[in-house]
Each structure stands twice: as structure tokens, then as C-alpha cells.
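Written below as C-alpha cells is the structure these notes are about.
Just the heavy atoms: all of them, side chains too, but no hydrogens, waters or symmetry mates, feed the values below.
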Amino acid sequence: MTTARRELSRRYDAAVVEPAIYERWMAAGAFRPSDQPPAGAEPFVIIQPPPNITGALHIGHALTATVEDVLIRYHRMRGDDTLWLPGVDHASIAAQFVLDRILAEEGESRASLGREKYLERMWQFMGETRSVIGEQHRRLGASADWERERFTMDAGSARAVRVAFKRLWDAGLVYRGEALVNWCPRCLTTISDLENIHRDEAGTLWTIRYHLEREDGTPDPERWVSVATTRPETLLGDTAVAVHPEDDRYRDLVGRHAILPFLGRRLPILADEHVDRGFGTGAVKITPAHDADDYELAKRHGLPAITILDEQARINEAGGEFVGLDRYAARKEILARLAASGDLEDEKPHQMVVGHCDRCGTVVEPRLSVQWFVHVKPLAERALASVREGRTRILPAHFEKVYAHWMENIHDWAVGRQLWWGHRIPAWYCPDDHITVSDAEDGPDACAECGRPAAELRQETDIFDTWFSSGLWPFSTLGWPDETPDYRRFYPTSVMETGYDILFFWVARMMMLGLFCTDAEPFHTVYLHGMIRAEGGAKMSKTKGNTVDPLGMVDEIGADGLRFALVSGSAPGSDARLTRAKLDGGRNFTNKLWNAARFVLGSRPAGAGARGAGDRDEPSLAVRWIESALAEAVQRATRQLDALDLGGYAATVYDVAWSDYCDWFLEMAKVDLRRDGATDAERAATWDGAARALATLLRLLHPLMPFVTEEIWQVLREEAPAATGDEPLLIRAPWPTAGERDRAAERAFEDLAALVRGVRNLRTEAAAPAAAWLPLVVAATSVESAAALEAGRAYVEALARVRPIELRPDAQRPELIATSPLGAAWLGVDAAAREAAAERRRAQIEELDRNISRVRDLLANASFAEKAPATVVERERDRLAALEEERRQLAHAG
RNA sequence: GGGCGAUUGGCUCAGCUGGUUAGAGCGCACGGUUCACAUCCGUGAGGUCACUGGUUCGAAUCCAGUAUCGCCCACCA
């Protein structure tokens with residue numbers, strides 16, 4: 001075992017399982033932008049979507065980190081002025097949800113601790129998870145600039161939140177007012193429309209009789225109006241009954257009153273066009289405080305709104321005798337009472353849509369309250385124009401339509417949350433209820449309207465929706481509202497990479513707030529990745545137990561294998577299944593690279609390793625070909641990375657590494673290295689070519705598989721400094737430039753490879769022992785072919801395991817024959833094997849004839865010749881010639 | 001009720017602006033201890049590209065419709 005090979009073995013675990021190289025990257029400052037922007041370098045900036053600091057990273061985070069790291073490493077190698085800024089999100093409601101659960105296990109609660117202690121506890125919790133998340137990213141290889149790491153609750157973010165809100169307020173885009181909002185009776189806060197998840201449910205539609213009022217004010221036992229409802233408990237808050245104005249059934253009732261059961265409230269019966277005559281009885285009870293439609297209708301008719309539920313969705317004092325009952329208990333009770341009095345007319349199953357809290361799943365209750373709103377229409381219009389006019393593009397493109405549709409139908413954003421963990425809204429009230437909004441850290445000095453001193457003002461207790469601070473993230477992280485050097489150098493950013501599931505929550509808000517605050521699109525490209533799904537296509541979830549733990553996977557197969565599995569076969573916006581087979585594929589590929597390197601580095605002949613690309617003497621066909629193949633791969637990979645086609649990039653590097661470099665090139669290089677009579681110079685030239693090609697391969701692969709490539713690079717640099725350009729760290733090595741294609745070498749290789757494949761095929765057909773050396777006869781098609789065969793003789797011998805190879809143009813041809821551009825070839829095997837192949841020859845000829853006549857017809861077609869491009873016609877002609885040559889070779893057989 | 005996406009060999013997916021005989025990995029079959037790798041090597045079988053029409057010299061690719069699946073949005077009691 002050579003020194004180099006021993007060194008690689010020692011490094012294997014380090015590279016794949018416990019990557020120590022990360023520390024060296026950090027120490028070398030490789031993740032940091034240079035102190036001065038390099039002259040002429042384009043900035044390339046990614047601001048990381050901050051994970052919620054509520055726990056460990058899941059596989060989606062690993063995908064995000066991988067995609068971003070690939071792009072960052074690529075652009076870093078390109079020499080761009082590269083910044084990847086990481087951070088974490090305080091995740092207001094999600095964090096409280098998690099902490100509340102932890103507290104519950106300890107027998108404590110939000111209430112028992114009180115606001116101050118609760119927040120103290122939250123900061124402590126944040127401190128713990130924050131370092132875990134950073135560590136996990138490092139294990140995945142994320143080359144983010146940790147020195148610039150930010151937090152949505154740090155001082156800079158807090159200031160950005162205050163300033164942004166103040167500017168919105170000054171611009172008249174913020175208002176405080178009473179409205180019906182989504183309320184979670186468990187989280188005890190308002191939630192936005194986006195957090196209110198609609199689900200189809202099987203419910204019940206009840207029909208209830210409301211007796212009409214008699215002249216003496218008492219309910220008429222004989223006459224009633226029947227209303228249909230899915231929520232009988234809300235009748236306690238009814239203030240009217242509505243019918244359609246042209247509904248003849250009820251025409252004479254309009255203007256009269258009905259009496260509300262239990263409470264005896266007089267309900268005007270009124271007409272409104274929004275009532276659907278076909279639904280239920282055509283008469284609808286109106287509960288303005290607990291239903292969005294009813295609220296709108298009540299506004300039109302000046303009806304009062306009576307709130308009958310408290311914040312935990314229990315009946316309040318307005319509910320009379322039902323006070324204190326939970327909404328569902330009240331429903332049951334009210335139905336029982338109505339049934340008893342004979343006023344429950346009907347009950348039938350009903351499919352309906354019910355809103356649930358995104359966080360805890362509780363049924364959301366519409367609740368009338370005073371809230372802070374952002375008036376988003378004007379913001380949305382700008383954000384829409386940016387995408388429509390291409391200043392920001394969304395990948396995949398069809399999400400631009402989804403984005404547009406949402407922006408066009410946007411509602412005002414209820415930004416206040418009745419939670420504790422988050423940025424408190426910087427608004428102060430004076431005793432006269434004047435509102436003062438201030439962006440000063442210590443609040444306003446006095447009431448903006450009446451001048452009362454700060455001591456008499458009290459701050460709003462509501463905090464912001466967590467997405468408000470997230471919406472400022474692309475610039476709050478760079479120093480905004482100050483024009484810091486980072487802000488000037490790195491803003492606007494380049495690519496915003498995140499999952500399509502938060503397009504509205506986050507991307508839309510960043511666009512709106514970014515344009516408002518900075519007057520610029522916060523990024524020029526939005527790359528939306530898909531969701532990672534489990535085997536069988538199911539959504540991954542902890543409760544289903546079908547998750548893939550990224551860190552566990554790193555332990556098992558290494559970060560590189562995981563990264564490869566995540567990226568290969570993926571397309572933006574499409575969900576991808578992460579199967580065991582795919583993960584194994586990533587692991588196998590890592591292993592393959594490792595072993596290829598082990599072979600190359602362990603086989604350096606005397607005198608090799610020192611010379612550069614410039615002074616190669618007489619490179620063999622193998623070397624000339626692999627360099628050309630790599631030139632093509634570099635070209636493709638570069639194009640694919642520029643187009644953010646990471647799946648294509650993964651396929652390109654996989655193919656060139658495994659199929660071209662390992663399967664073909666290294667096998668040919670072995671021939672050159674081991675050939676009897678080869679000079680030291682020839683061997684050295686081959687090895688140097690292998691080392692150079694390996695160096696190119698490592699550069700190409702590094703963005704995707706940073707650990708294994710860097711570890712190999714370290715040894716390669718010792719063995720072949722010239723091949724690595726003596727660059728100490730691959731992470732800083734320049735991205736390869738596409739060299740010249742060598743068409744002659746490609747052609748020569750393809751011809752030999754076709755012959756080798758043909759002969760291998762024959763061996764299998766003849767059931768020849770794999771290890772046996774068989775004689776081969778080839779009838780070369782031409783003098784040039786014969787020369788090419790002579791030149792490639794050693795390759796063919798070794799790769800097809802045939803010896804000797806006899807060139808005999810006129811020999812009699814047996815049935816067992818392989819066709820190739822260089823000529824027909826046949827093996828020296830027994831008659832039985834040849835006989836068995838005769839049938840197959842006939843089938844082959846038949847298929848060839850079909851193809852030949854197809855191409856002939858195509859070429860004979862006048863409109864084809866006329867309309868098809870010349871290159872296509874030319875290609876078809878070449879194909880016909882090749883088919884005919886193959887036919888000729890076969891026809892001579894047998 | 002709107003909108004979007006998908007449908008390619010047993011499975012998971014590629015196939016860019018229409019142009020080789022539609023590719024890959026896994027799986028399968030057969031054969032392999034040839035000194036980098038069995039986490040491997042070689043060979044092979046397997047697809048009327050969901051369906052129906054249309055445009056075109058030429059369609060997996062473009063258009064229209066149908067079917068199935070999935071997702072998003074939506075104030076109907």
C-alpha cells in the first residue's frame with residue numbers, strides 16, 4: 001500500500017462521517033466575503049430562510065441548506081463576491097406552542113409564570129436550540145458566514161421592525177380598528193387568514209323555528225320563520241333574520257319581527273340580496289359577531305353585533321342561562337331545549353368547510369375585536385408589478401400565476417397577536433386614547449397629539465405576527481435602516497430559496513415590505529423547492545413516524561451522500577420522494593468517488609505528479625478523450641447551475657464521474673499504466689492526465705459533495721501539486737473552465753467503445769467464461785479503421801478481454817458477429833455457440849431493415865428535404881449510412 | 001366554486017424553446033474473487049410516453065377536449 005492510499009484510508013471516516021475539514025474551512029475564513037469587494041466581481045447573495053428555533057432541523061431544512069450551499073459554493077468558486085447569511089426565527093406562535101408544552105410537563109403554564117418570567121424562560125430555551133441548529137447546519141456542510149448570523153429578535157431586527165412599522169403608519173398604511181378576525185380559542189390570539197386552515201368536514205344542518213312577534217310583543221305559538229344553521233349555539237348572538245327580497249315565501253314577513261328563543265330578543269326580519277333562496281329554508285339567522293358574512297350584512301343594515309363567546313369560546317354573560325358553557329356544550333344544550341319545545345324542525349347531515357388553527361388544530365372562532373391592520377393593497381400592487389415586469393422572477397415560472405392571483409385578491413393583514421413572545425407593537429396610548437407610533441427604542445417622549453408626557457402613556461401589549469419581522473429579513477440582516485457597508489454591497493440580494501408552501505406567508509410579505517422599505521426588489525430570483533415526501537408519496541410527519549432525520553442520515557451515510565440524494569432527480573417546485581434506495585445511491589456515489597481517488601492516488605508512477613497541463617507529452621487517447629468529455633461536462637454543469645437546474649447538474653456530474661471517468665477512462669488508463677514496454681514518460685503522462693481529470697472532477701463535484709471532494713483534494717495536492725494548481729483548499733479553488741472539445745479523440749473513443757461493447761455482448765451470448773481470454777477477428781471497414789484498431793488494440797484487448805486480435809479483412813465470417821463502425825468482429829468460440837446466435841442475427845437484420853426503410857422514406861419525402869433544417873437532413877443521411885454499413889457487416893455473417 | 005400541477009418500462013424520476021432507434025438510478029434476469037470499489041463490474045429483458053382529436057415533413061414535447069391523482073385558493077348560513 002502506498003503512502004497516498006494509506007493516507008486516504010485514514011481520512012475516509014473523517015471525510016464521510018466526521019468531517020474535520022469543516023474546521024479548516026472556518027479557520028481559513030473561507031465562508032466570509034473578503035474585506036473588500038473584489039474588483040469587477042459580481043455579488044451573489046443568499047439570505048437564509050431562518051429556521052424556527054423551536055427544535056432540531058428536519059429534512060426540509062436539509063434540502064434548503066443543500067440547495068443554498070450548492071449555489072454558494074459554486075459562485076464562490078466562480079470568484080463572485082459571495083455572501084450567505086444565516087439566521088434563525090423567533091417563530092412567535094410556534095415557539096410559544098412548543099414552550100407551553102414543555103412547561104405543561106413541568107406542571108407550569110404561561111399563566112402561572114406571568115409575562116416576565118415566561119419571556120425569560122423563552123430566551124433561555126432559544127439559547128439552547130439556537131446553537132443546536134447552527135451545529136446541525138455545519139454538519140450538513142453549510143458554508144454560511146456564521147459571523148454574520150442573525151436572529152429575528154435581535155436588536156437589529158427589533159429596530160428594523162419599529163422603523164418599518166412607523167413608516168407604514170406615517171404613510172397611512174396602518175390602521176387600528178374593530179373587525180371580525182380569526183381567533184384561536186386555544187392559542188388565545190388572532191391569526192391571519194393564511195393561518196386559518198379550511199378543511200372539509202361532515203357537519204349537521206339544523207332547522208330552527210323562530211316564532212313571530214305578535215302585536216302584544218309575545219311570540220306567536222302558531223307562526224314562525226324557520227332558519228337553517230350549522231352552529232345553533234350562535235343564535236344567542238342573533239340580531240336579525242334575513243331573507244331574499246324577491247322571495248315570495250317571506251315577502252309579507254319583511255319588516256316584522258321574530259322572537260329569539262331563550263333570550264326573547266326582538267329580531268327584525270329584513271331583506272338582503274346576499275341571501276341564497278335555495279339554501280336551507282331561504283331564511284338565515286344573522287349573528288354579526290360570530291360570522292363573517294353576517295358581519296358584512298349587519299354593517300349594511302346597521303345591526304348591532306353581540307359577542308356571546310369569551311376568548312376561550314365559552315358562552316359569556318350575554319348568553320343568559322347558558323353562561324360558562326363551552327361552545328359545543330352550549331350547542332348540545334340548546335339543541336336539546338329546542339327539541340323539547342318542538343322548535344327543532346329538522347336535522348340533516350351537511351358537508352361544510354371549517355377553519356382550523358394552523359398551529360394547534362383548534363376550530364377557529366370569528367371574533368369581533370379591535371386590531372392592528374396593514375393596508376396591503378398598495379404594497380401588493382407594486383409587488384405584483386415587480387414579478388409581472390420580470391424584475392423578480394419566480395422558479396418554477398408557474399408559481400408566478402399563483403403569486404399574482406393571491407396578490408390580486410389580497411385582504412388587509414391583521415398583524416397584531418395577543419401573544420407574549422415577539423416584537424411588541426411600537427404604539428402608545430395616552431389616557432385620551434390618542435395613538436402615538438414611535439420607532440425610538442425607548443418609545444415616544446410624549447403623546448403625538450396632546451403632548452402628554454411619556455409617563456402617562458402605555459404601550460400596546462399586542463405583539464407582531466412573526467412574519468412581519470420575517471418580511472424585513474432580506475434587508476434587516478444587512479443593517480437596514482442604516483446604509484451600512486453590507487447593505488450597500490449586498491442588497492438587493494440574489495436568490496431567495498425556500499419552499500413553495502410559504503410563498504404567501506413569507507415571499508409575498510418580503511416583496512411587499514422590501515419594496516416599501518427599500519424601494520427595491522429584495523431579490524432577483526425566487527427559487528421554490530418542493531416538499532420532501534416519504535416513501536409512497538405520503539407527507540413526512542412525526543406522528544406518522546415516516547420522517548428521515550437528516551442528522552441521523554449524516555451519521556449513517558455522510559453529508560455528501562445525503563446532499564446528493566436530496567438534489568438528484570429534483571426539480572424546482574416539484575415534490576420529491578426520499579427513499580431508502582435513493583439515499584443508498586448517494587452513499588454509493590460517495591464511495592465510488594472515494595475509491596476512484598484511492599486508485600489514482602495509489603498508482604502514481606515515478607516521475608509523475610509534478611507537471612502541469614502545459615507540458616503533457618504525447619497524451620494517450622484515454623487522456624485526450626476524458627479531457628474532452630470533461631470539457632463537455634463543465635460546459636453543461638455550468639449552464640445548469642446558472643439556470644438553477646440542480647437536478648440536471650447532479651445528473652451531469654454523476655454521469656461523467658461514474659460512467660466516463662470510472663467505467664471507461666480509468667479502465668483505459670490502467671492499460672496505459674501497466675502496458676509492457678511503456679516508457680516512464682508515457683506512464684507519467686497518463687497518470688498526470690488522470691490526476692488532472694480527477695482535479696477537474698473534484699472541482700465540478702465540490703458544490704454538491706464538499707466533504708469527500710475536499711478530503712481527496714488534500715491528498716491529491718500532495719501527490720500532484722500541478723494538477724491542483726497547488727490550491728490549498730478546494731473550497732477556494734477556481735471553478736473549472738470548459739476546455740476545448742477534442743472531436744477526433746471523442747470519435748476514436750466512441751468507435752473503440754462500440755467495438756468493446758459489441759464484443760462483450762458476444763461473450764455473454766456465447767456464455768464465454770468471464771475470465772477467459774478469447775481470440776478475436778476483426779474485418780476492418782477501411783484502412784483508417786485498421787489503423788485506429790491498431791492504435792487502440794491494447795484498450796480493446798483489456799476491456800473486452802480478447803487476445804489475440806487478428807485483423808483479417810477477407811476472412812470467412814461466422815454467425816456470432818459484432819458490428820461496429822470500425823468493422824465486423826467475431827470471437828473464436830465453438831460451433832454450438834455460433835449456431836445459437838444465428839436466430840438473433842436474423843432478428844437484428846429485420847429490425848435494421850425496418851429502420852433503414854424508415855429513414856429512406858423520410859429522406860425521400862420531398863417536404864422533409866424542403867422544410868427540415870439542413871443539419872437534421874444531414875444527420876439523417878449519416879444515420880442511414882451507418883445503418884447500411886451495419887447491415888452490410890451482418891449480411892456477411894453466417 | 002375557481003385555479004395550478006402531474007400522468008413516460010415493476011418503482012423513483014430526467015427529457016430545454018417539436019427533429020437520433022425515448023434516457024438514468026433502483027428493482028429484475030444471467031454471468032463475474034481481472035490486484036480502486038460486491039456500497040462493485042459486465043450483459044440483457046422491460047415503455048403504443050393516461051386517453052381522444054388537431055397543427056406539422058416530423059409530436060412524449062405545441063393546441064383543444066376527456067379521465068384519474070395531487071395541491072392551492074374561496075365569506076355561502
Side-chain angles (χ1 to χ4, degrees), chain A residues 5 8 180 193 198 205 227-231 234 242 274-276 279-281 283-287 291-296 350 352-353 366 396 398-399 401-402 405-406 409 500-501 503-504 531 535 537 557 561 568-571 573-582 584-585 587-603 639 643 645 647-648 651 654-655 659 662-663 666-667 670 674 757 760-765 767-771 773 798-799 801 847-848 850-851 854-855 858 861-869 871-873 875-876 878-879 882-883:
Chain A
R5 207 177 285 179
L8 272 166
L180 202 59
D193 292 344
H198 297 280
L205 186 68
V227 295
T229 181
T230 56
R231 305 197 51 201
T234 64
H274 280 71
V275 177
D276 179 354
F279 188 90
T281 60
V284 56
K285 59 191 269 314
I286 301 300
T287 321
D291 182 277
D293 288 325
D294 294 1
Y295 181 71
E296 289 304 313
H350 181 63
M352 51 196 265
V353 178
H398 72 257
F399 274 104
K401 271 187 263 181
V402 179
H405 182 256
W406 190 75
N409 297 290
Y500 66 73
D501 55 331
L503 177 63
F504 306 141
M531 303 295 110
E535 209 127 10
I557 67 169
S568 69
S570 77
S574 315
D575 294 352
R577 290 167 204 214
L578 190 61
T579 59
R580 184 69 229 184
K582 201 162 182 186
D584 284 343
R587 176 201 56 184
N588 294 354
F589 187 41
T590 314
N591 179 260
K592 186 72 180 176
L593 291 173
W594 191 261
N595 279 296
R598 227 157 58 83
F599 165 69
V600 172
L601 292 164
S603 61
R639 183 162 35 80
D645 174 11
Y654 181 89
D655 281 349
S659 172
C662 293
D663 287 349
L666 285 184
E667 294 308 313
K670 282 176 190 170
R674 292 166 186 169
R757 273 189 285 257
R760 281 172 175 171
N761 181 331
L762 288 188
R763 295 185 67 108
T764 303
E765 254 181 52
W773 289 91
L799 299 187
R801 213 165 172 81
E847 198 189 335
L848 266 176
R850 274 198 302 277
N851 276 316
R854 191 184 58 77
V855 179
L858 184 64
N861 185 329
S863 51
F864 172 75
E866 196 180 307
K867 295 180 182 175
T871 52
V872 174
V873 177
R875 201 172 53 218
E876 293 299 325
D878 288 349
R879 177 140 43 103
L883 289 168

Base, sugar-phosphate, or nothing: which does T230(A) touch, judged by heavy atoms less than 4.0 Å apart? sugar-phosphate

Side chain of R598(A) (C-beta onward), nearest among U20(B), A36(B), G25(B): A36(B)

Give me the distance, rounded to whole Å, that separates A59(B) from A22(B) when you measure between the P atoms they each carry. 13 Å

Give the rounded distance in Å between these two atoms: NZ of K670(A) and C1' of A36(B). 6 Å

Taking only the side-chain heavy atoms of A571(A) (C-beta and beyond), determine which of A14(B), A77(B), A36(B) contains the nearest atom. A14(B)

Please tell me which of R760(A) and Y654(A) maps to the more 5' nucleotide of RNA chain B, matching each residue to the nucleotide holding its nearest heavy atom. Y654(A)

For atom CZ of R231(A) and atom C1' of C75(B), their distance in whole Å: 14 Å

Whole Å only: how far is the CH2 atom of W773(A) from the C1' atom of U34(B)? 8 Å

Whether the side chain of N591(A) and the base of C37(B) hold a donor-acceptor pair under 3.5 Å is what I'd like checked. no

Find which nucleotide of RNA chain B each of L883(A) and V600(A) is nearest to by heavy atoms, and output the residue with the more 5' nucleotide. L883(A)

Figure out the CG/P separation between L762(A) and G42(B), and round it to whole Å. 17 Å

Is the cationic atom of K670(A) (NZ for Lys, CZ for Arg) positioned less than 6.0 Å from the six-membered ring centroid of F599(A) and within 45 degrees of its normal? yes

Which nucleotide in U43(B), A77(B), C41(B) has an atom nearest any side-chain atom of N761(A): U43(B)

Can you confirm whether more than 12 heavy atoms, excluding those of H274(A), are under 6.0 Å from its NE2 atom? no

Per H398(A) side chain, nearest of listed nucleotides C76(B), G19(B), G5(B): G5(B)

May I ask you to evaluate whether R875(A) reaches the phosphate of U20(B), defined as a side-chain N or O under 4.0 Å from OP1 or OP2? yes

Under 4.0 Å, counting only non-hydrogen atoms across every strand here, what does P869(A) touch: a base, just sugar-phosphate, or nothing? base

Is any side-chain N or O of R577(A) closer than 4.0 Å to OP1 or OP2 of U12(B)? yes

Give the nucleotide from the list C75(B), A36(B), G5(B) with an atom nearest to the side chain of A596(A). A36(B)

Is A581(A) touching bases, backbone alone, or none of the nucleic acid, heavy atoms closer than 4.0 Å? sugar-phosphate

On the nucleotide A36(B), are OP1 or OP2 found under 4.0 Å from the side-chain N or O atoms that R674(A) carries? yes

Rounding to the closest angstrom, what is the interatomic distance between G46(B) and A36(B) at atom C1'? 32 Å

Atom CZ of R587(A) and atom P of C37(B) are separated, to the nearest Å, by 17 Å

Give the rounded distance in Å between these two atoms: CZ of R879(A) and P of A22(B). 10 Å

Does a side-chain heavy-atom distance below 4.5 Å link K582(A) with S568(A)? yes

Every protein N/O lying under 3.5 Å from an N/O of nucleotides 72-74 of chain B:
none

Whole angstrom is fine here: how far is it from CZ in F279(A) over to P in C75(B)? 16 Å

Return the CZ to CG distance between F279(A) and L205(A), rounded to the nearest 0.5 Å. 5.0 Å

How is D293(A) classified with respect to the nucleic acid when contacts are heavy atoms under 4.0 Å: base, sugar-phosphate, or nothing? base

F399(A) vs Y500(A) aromatic rings, parallel, tilted or perpendicular, using cut-offs 30° and 60°? parallel

May I have the distance from N588(A) (atom CG) to U39(B) (atom C1'), rounded to whole angstrom? 4 Å

Is a side-chain donor-acceptor pair under 3.5 Å present for K285(A) with T234(A)? yes

NA contact type, R763(A), heavy-atom cut-off 4.0 Å: base, sugar-phosphate, or nothing? nothing

Donor-acceptor pair (no angle test) under 3.5 Å: K592(A) side chain, C37(B) base: yes

